[in-house]
S.K.: 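Before anything else, here's the structure in question.
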Amino acid sequence: MNGVETRVPPNFIRTIVAEDVKNGKNGGKVLTRFPPEPNGYLHIGHAKSICLNFGLAAEFGGLCNFRFDDTNPGKEEIEYVDSIMNDVRWLGFDWQDRLYHASDYFERLYQWALDLIKGGKAYVDSLSADQIREYRGTLTEPGKESPFRNRSVSENLDLFERMRAGEFVDGEHVLRAKIDMASPNLNLRDPVMYRIRHLPHWRTGDKWCIYPMYDYAHGQSDALEGITHSICTMEYEDHRALYDWYLDNLDVPSRPRQYEFARLNLAYTVMSKRKLLQLVQEGYVAGWDDPRMPTLAGMRRRGYPAEAIRNFCERIGVGKRESMVDYGLLEFSVREVLNLKALRMMSVLRPLKVVIENYPEGQVDQLEAINNPEDASSGVRSVPFSRVLYIERDDFMENPPKQFFRLSPGREVRLRYAYFIKCVDVVKDENGEVTELRCVYDPATRGGDSPDGRKVKATLHWVSAAHAVQAEIRLYDTLLNRPDVSDEGSGATFRDFINPRSLEVIADAKLEPALAGAPAGATYQFERLGYFCVDPDSKPEKMVFNRTVTLRDTWAKVAKANEIKRA
RNA sequence: UGGGGCGUCGCCAAGCGGUAAGGCACGGGUCUUUGGAUCCCGCACUCGGAGGUUCGAAUCCUCCCGCCCCAGCCA
């Protein structure tokens, strides 16, 4: 175990935890938690938090709890509960038997509220929501105290008990902490602890009609579980004083500390649950698991391996500054793991018919192809070759520019694992569109090498027409057409920047026969094109693939540069 | 303009008084039956700016500039 460094890059939170462990704080123990509210699907930003919390625990011999922060029944749904647990497991983390809920603590929280009331540190306020807002003051002016602020302990106790008993309608009263209406930190201007909500809760049913606010529930939940490091995002920084106030004024069993880090922003997409919900509800995408979504469900369906997402989260680091991460880094992480694991196959997305004139009609050759050059243990397969084939339309140009190495009239190229072929004629339709290529092959080059040492500059993928499997292929582009949509401004919303071409469907691609019947989720590299996976919509009689990510394409760069030069 | 944060390469990000890690991207080369992968090489005399302290400053001090968050009975 020496020398082989667990390559976790340093970050300020890790430094704090390491220091605490070294100093024997919390008995040298580390207990973190991942506390989602079940009000939407998890996205790649949550993955950053999950990796941080579970990763820290693992690194320092501690544990990470899973806790649903279910304090607001109006927004929470079972569908989200299920998807969240499923996604965390898929990402590769295990909370064993440590599944908790803020709602597990409702009774305890209620008793603590009673303690605060008895200590004169909380009161029932009967101002309306609007009035409370007015009384709160502004960023630059102090607030005013509510006329109900000095109710007696017994009156507060009576009112609060009746709030719980259901004697009041929603909004009639709230319980507030009595702190400081003039605090420069607005969170301390008598924050609401409980509100009345006559709504069934997915776990507690009709038992409660008052629900604790996040601020009142979170720290105590942490304390109850013995959390040592409570890690959240930067927008909670101003809440830390309140987090501490509750813990300091209540008889809690442990003393957790809150630390904040910057949330992830990824270029060309959005991360807020509100916006993701809009994309789903307004039909811009097919659902939370649409492969274009930055949700874990979407990325999984897209074919992104969990390992790639974990690696990505490690690469981006953890800091306090607001940042915008290149989408390219995620794609790099995806290719990196797929390159090692994905079996190679040949598929033609945009078929161009090729007839090998000197290849006997009806003859079929079985050629040996390597399944994965990165992994010798994955072996070989055979691929049928015959007189009529398909190649990629992009692999032929009648009048090729200098740097184009692929097929063109009179030029010889290699068909991967098969033969050298030379284009001898081009067949066009009445519109001048190329419909077919007539070629000849060199039987001596079987397998792809010429015994006379002849070289070709390009190797093309191909599929035998008679053996091809038809498939629908879904190609994806970025959800948004600009990297950063946060500055919406001047009346625009992120909807105005939704990429109308984020999905392209190819109805009749031609796949090599080995792909027939591949199960949903199976991932392949289609040689020279990219990584593709079988979509859950796929059926044996009508296969559907998603393009996970393209291969790095230096030719595309050259072609684009030429285009710019020409324009 | 009250309070809380943050400013190091195109994008992330180490660094914490001893003379700018790393990754992605990018450029060049090697190799190649994927214009993939691999492997080499290059890529911040400078850390938002200006002063100051010091033998020595991205790191300490002062002032200035810029960006983000907070006025839910959301989390």
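Chain identifiers are assigned alphabetically (A, B, ...) following the order of the sequence lines, protein sequences preceding nucleic acid strands; residue numbering begins at 1 within each chain.
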S.K.: Between P on B:rC11 and CZ on A:Phe312, what's the gap in Å once rounded to a whole number?
M.R.: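 Spelled out: CZ on A:Phe312 to P on B:rC11 is 16 Å.
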S.K.: Roughly how many Å apart are B:rC47 and B:rC9, using the P atom of each and rounding to a whole number?
M.R.: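 The same atom, P, in both gives a distance of 10 Å.
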S.K.: Under 4.0 Å between any heavy atoms, over every strand shown, what does A:Val174 touch: base, sugar-phosphate, or nothing? Just pick one.
M.R.: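 Base contact.
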S.K.: Does A:Arg189 place a side-chain N or O at less than 4.0 Å from the phosphate oxygens OP1/OP2 of B:rC70?
M.R.: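 For B:rC70, OP1/OP2 do not have a side-chain N/O of A:Arg189 under 4.0 Å.
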S.K.: Would you call A:Glu512 and A:Arg381 a salt bridge, using N to O less than 4.0 angstrom?
M.R.: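 So A:Glu512 pairs with A:Arg381 through a salt bridge.
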S.K.: Could you tell me how far B:rG17 sits from B:rU30 if I compare only their P atoms? Round to whole Å.
M.R.: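 To the nearest whole Å, 46 Å.
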S.K.: Nearest whole angstrom, please: distance from the C1' of B:rA75 to the CZ of A:Phe34.
M.R.: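 About 12 Å, once rounded to whole Å.
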S.K.: Tell me whether A:Glu37 is salt-bridged to A:Lys75, with the criterion being a basic N under 4.0 Å from an acidic carboxylate O.
M.R.: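 Not counted as a salt bridge, because no side-chain N and carboxylate O are separated by less than 4.0 Å.
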S.K.: Taking B:rU53 as the reference, what is the distance to B:rC65 when you measure between their P atoms (whole Å, please)?
M.R.: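 Their P atoms lie roughly 23 Å apart.
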S.K.: Have a look at A:Thr71 and say if it touches a base, only the backbone sugar-phosphate, or nothing, with a 4.0 Å heavy-atom cut-off.
M.R.: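 Sugar-phosphate only.
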S.K.: With respect to the side chain of A:Asn72, which nucleotide from B:rC26, B:rU34, B:rA75 is positioned closest?
M.R.: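 Nucleotide nearest to A:Asn72's side chain: B:rA75.
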S.K.: By nearest atom, which of the nucleotides B:rG72, B:rC69, B:rC12 is closest to the A:Ile316 side chain?
M.R.: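 Closest of the options to the side chain of A:Ile316: B:rC12.
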S.K.: Within 45° of the ring axis of A:Tyr110 and under 6.0 Å from its six-membered ring centre, is that where the NZ or CZ of A:Arg164 lies?
M.R.: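 The answer is yes, since A:Arg164 meets both limits relative to A:Tyr110.
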S.K.: Between B:rC26 atom P and A:Lys560 atom NZ, what is the distance in whole Å?
M.R.: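 Distance, rounded to whole Å: 11 Å.
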S.K.: Can you tell which of A:Tyr531, A:Trp462, A:Phe545 makes a ring-ring contact (aromatic ring centres under 6.0 Å, His included) with A:Phe526?
M.R.: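 One option only clears the test, and that one is A:Phe545.
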S.K.: Are A:Asp104 and A:Arg67 ion-paired here, with the side-chain N under 4.0 Å from a carboxylate O?
M.R.: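 Answer for the salt bridge query: no.
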S.K.: I'd like to know if A:Asp442 and A:Lys422 make a salt bridge, using a cut-off of under 4.0 Å between side-chain N and carboxylate O.
M.R.: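 No.
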S.K.: Take atom C1' in B:rU46 and the same atom in B:rA21, then report the distance between them in whole Å.
M.R.: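 That atom pair is separated by 15 Å.
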S.K.: Nearest-Å distance, CE (A:Met324) to P (B:rC6)?
M.R.: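 Taking CE of A:Met324 and P of B:rC6, I get 20 Å after rounding.
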S.K.: Looking at A:Arg136, I'd like to know whether one of its side-chain N or O atoms comes within less than 4.0 Å of OP1 or OP2 on B:rG72.
M.R.: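 Yes, within the criterion.
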S.K.: With both distances under 3.5 angstrom, what nucleotide forms a Watson-Crick or G-U wobble pair with B:rA50?
M.R.: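 Pairing partner, where one exists within any strand: B:rU62.
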S.K.: Measuring from A:Ile231:CD1 to A:Asn53:CG, what's the distance to the nearest 0.5 Å?
M.R.: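 One finds 4.5 Å between CD1 of A:Ile231 and CG of A:Asn53.
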S.K.: Nearest to the side chain of A:Gln525, which nucleotide is it out of B:rU34, B:rG35, B:rC70?
M.R.: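 From the listed options, B:rU34 comes nearest.
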S.K.: In whole Å, measure the gap between the C1' atoms of B:rC12 and B:rA25 for me.
M.R.: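 Their C1' atoms lie roughly 11 Å apart.
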S.K.: Of A:Phe160, A:Tyr214, A:Tyr123, which is the lone residue that meets ring-ring contact (aromatic ring centres under 6.0 Å, His included) with A:Tyr194?
M.R.: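 Testing A:Tyr194 for a ring-ring contact (aromatic ring centres under 6.0 Å, His included) against A:Phe160, A:Tyr214, A:Tyr123 leaves exactly one candidate, A:Phe160.
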S.K.: From C-beta outward on A:Phe332, which listed nucleotide comes closest to its side chain: B:rU34, B:rC24, B:rC69?
M.R.: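 Nearest to the side-chain atoms of A:Phe332, counting from C-beta on, is B:rC24.
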S.K.: Taking atom C1' in both B:rU62 and B:rC24, compute the distance separating them and give it to the nearest angstrom.
M.R.: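 Going atom to atom, C1' in each nucleotide, I get 38 Å.
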S.K.: Is A:Leu367 touching bases, backbone alone, or none of the nucleic acid, heavy atoms closer than 4.0 Å?
M.R.: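 The answer is nothing, as A:Leu367 stays clear of every strand by at least 4.0 Å.
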S.K.: What I'd like to find out is whether the side chain of A:Asn265 reaches to under 4.5 Å of the side chain of A:Ser323, using heavy atoms alone.
M.R.: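 A side-chain contact under 4.5 Å is absent here.
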S.K.: Which one, B:rG36, B:rC70, B:rC6, comes nearest to the side chain of A:Pro373?
M.R.: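 For the A:Pro373 side chain, the nearest candidate turns out to be B:rG36.
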S.K.: Identify, between A:Tyr214 and A:Asn185, the residue whose nearest nucleotide on RNA chain B lies closer to the 5' end.
M.R.: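 Here A:Asn185 is the residue nearer the 5' end.
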S.K.: Applying a 4.0 Å non-hydrogen cut-off, can you work out what A:His239 is touching in the nucleic acid: base, sugar-phosphate, or nothing?
M.R.: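 Here A:His239 touches the bases of the nucleic acid.
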S.K.: Nearest to the A:Pro10 side chain among B:rC11, B:rC74, B:rA14, which nucleotide is it?
M.R.: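 Of B:rC11, B:rC74, B:rA14, B:rA14 is nearest to the side chain of A:Pro10.
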S.K.: For atom P, what is the distance between B:rU8 and B:rG48, given to the nearest Å?
M.R.: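 Those two atoms are separated by 6 Å.
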S.K.: Mind checking if A:Val318 touches a base, just sugar-phosphate, or nothing, with heavy atoms under 4.0 Å?
M.R.: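 Contact class for A:Val318: sugar-phosphate only.
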S.K.: Could you work out which one of B:rC74, B:rC12, B:rG3 sits closest to the side chain of A:Lys75?
M.R.: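 So the side chain of A:Lys75 is nearest to B:rC74.
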S.K.: I need the residues from residues 412-419 of chain A with at least one non-hydrogen atom less than 4.0 Å from RNA chain B; give them sorted by number, or say none.
M.R.: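 Within residues 412-419 of chain A, the residues near RNA chain B are A:Arg414, A:Arg416, A:Tyr417.
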S.K.: Phosphate oxygens OP1/OP2 of B:rU32: is one of them under 4.0 Å from a side-chain N or O of A:Thr459?
M.R.: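 Checking B:rU32 against A:Thr459, no side-chain N or O comes under 4.0 Å of OP1 or OP2.
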S.K.: Under 4.0 angstrom, heavy atoms only, what part of the nucleic acid is A:Leu329 near: base, sugar-phosphate, or nothing?
M.R.: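 Touches sugar-phosphate only.
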S.K.: With nearest nucleotides of RNA chain B determined for A:Asp125 and A:Arg321 from heavy-atom distances, which residue corresponds to the more 5′ nucleotide?
M.R.: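 Comparing both residues, the 5'-ward one is A:Arg321.
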S.K.: Between B:rA37, B:rG27, B:rC69, which one does the side chain of A:Lys557 approach most closely?
M.R.: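 Nearest listed nucleotide: B:rG27.
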S.K.: Under a 4.0 Å N-O cut-off, is there an ion pair linking A:Arg14 with A:Glu59?
M.R.: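 Salt bridge flag = yes for A:Glu59 with A:Arg14.
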S.K.: Checking all strands, does A:Ser323 fall into the base, sugar-phosphate, or nothing category for heavy-atom contacts under 4.0 angstrom?
M.R.: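 Sugar-phosphate contact only - A:Ser323 comes under 4.0 Å of backbone atoms but never of a base.
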S.K.: Could you tell me how far apart A:Met346 (CE) and B:rU34 (P) are, to the nearest whole angstrom?
M.R.: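 Going from A:Met346 (CE) to B:rU34 (P), I get 12 Å.
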S.K.: A:Tyr236 has a side chain; which of B:rA75, B:rG27, B:rG2 sits nearest to it?
M.R.: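 Ranking B:rA75, B:rG27, B:rG2 by closest atom to the A:Tyr236 side chain puts B:rA75 first.
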S.K.: Please tell me if A:Arg315 has a side-chain N or O lying less than 4.0 Å from either OP1 or OP2 of B:rA13.
M.R.: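 No, outside the criterion.
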S.K.: Is any side-chain N or O of A:Thr554 closer than 4.0 Å to OP1 or OP2 of B:rG36?
M.R.: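 Yes, because at least one side-chain N or O of A:Thr554 sits under 4.0 Å from OP1 or OP2 of B:rG36.
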S.K.: Over how many whole Å does the gap from A:Arg197 atom CZ to B:rC73 atom P extend?
M.R.: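 Whole-Å distance recorded here is 10 Å.
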S.K.: Is A:Arg552 close enough to B:rA37 that one of its side-chain N or O atoms is under 4.0 Å from OP1 or OP2 there?
M.R.: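 True: A:Arg552 side-chain N/O within range (under 4.0 Å) of B:rA37 OP1/OP2.
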S.K.: Mind checking if A:Glu374 touches a base, just sugar-phosphate, or nothing, with heavy atoms under 4.0 Å?
M.R.: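 Counting heavy atoms under 4.0 Å across all strands, the contact made by A:Glu374 includes a base.
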S.K.: Check this one for me: any side-chain N or O of A:Arg133 less than 4.0 Å away from OP1 or OP2 of B:rG72?
M.R.: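 Yes, because at least one side-chain N or O of A:Arg133 sits under 4.0 Å from OP1 or OP2 of B:rG72.
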S.K.: Contact class for A:Phe404 vs. all strands (heavy atom < 4.0 Å): base, sugar-phosphate, or nothing?
M.R.: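 Here A:Phe404 touches the bases of the nucleic acid.
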S.K.: Which base, if any, makes a Watson-Crick or G-U wobble pair with B:rG2, both distances under 3.5 Å?
M.R.: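 B:rC70 - that is the nucleotide pairing with B:rG2, both distances being under 3.5 Å.
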S.K.: Taking the side chain of A:Met213 as heavy atoms from C-beta outward, which of B:rC26, B:rG72, B:rG36 is closest to it?
M.R.: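 Nearest nucleotide to the side chain: B:rG72.
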S.K.: Classify A:Leu340 by what it touches in the nucleic acid, base, sugar-phosphate, or nothing, heavy-atom distance under 4.0 Å.
M.R.: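 Nothing: the residue A:Leu340, judged by heavy atoms under 4.0 Å, touches no strand.
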S.K.: Under the criterion salt bridge (Lys or Arg N to Asp or Glu O under 4.0 Å), which of A:Arg406, A:Arg416, A:Arg350 is the partner of A:Asp395?
M.R.: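 That would be A:Arg406.
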S.K.: Could you give the distance separating B:rC61 and B:rC73 at their P atoms, to the nearest angstrom?
M.R.: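 My reading of the P atoms in B:rC73 and B:rC61 gives 38 Å.
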S.K.: Which part of the nucleic acid does A:Arg176 contact within heavy-atom distance under 4.0 Å: base, sugar-phosphate only, or nothing?
M.R.: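 No contact.
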S.K.: Determine which nucleotide pairs with B:rC31, using a 3.5 Å limit on both distances of a Watson-Crick or G-U wobble pair.
M.R.: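 Because no pair has both required distances under 3.5 Å, B:rC31 counts as unpaired.
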S.K.: Mind checking if A:Asp69 touches a base, just sugar-phosphate, or nothing, with heavy atoms under 4.0 Å?
M.R.: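 The residue A:Asp69 makes sugar-phosphate contact but no base contact.
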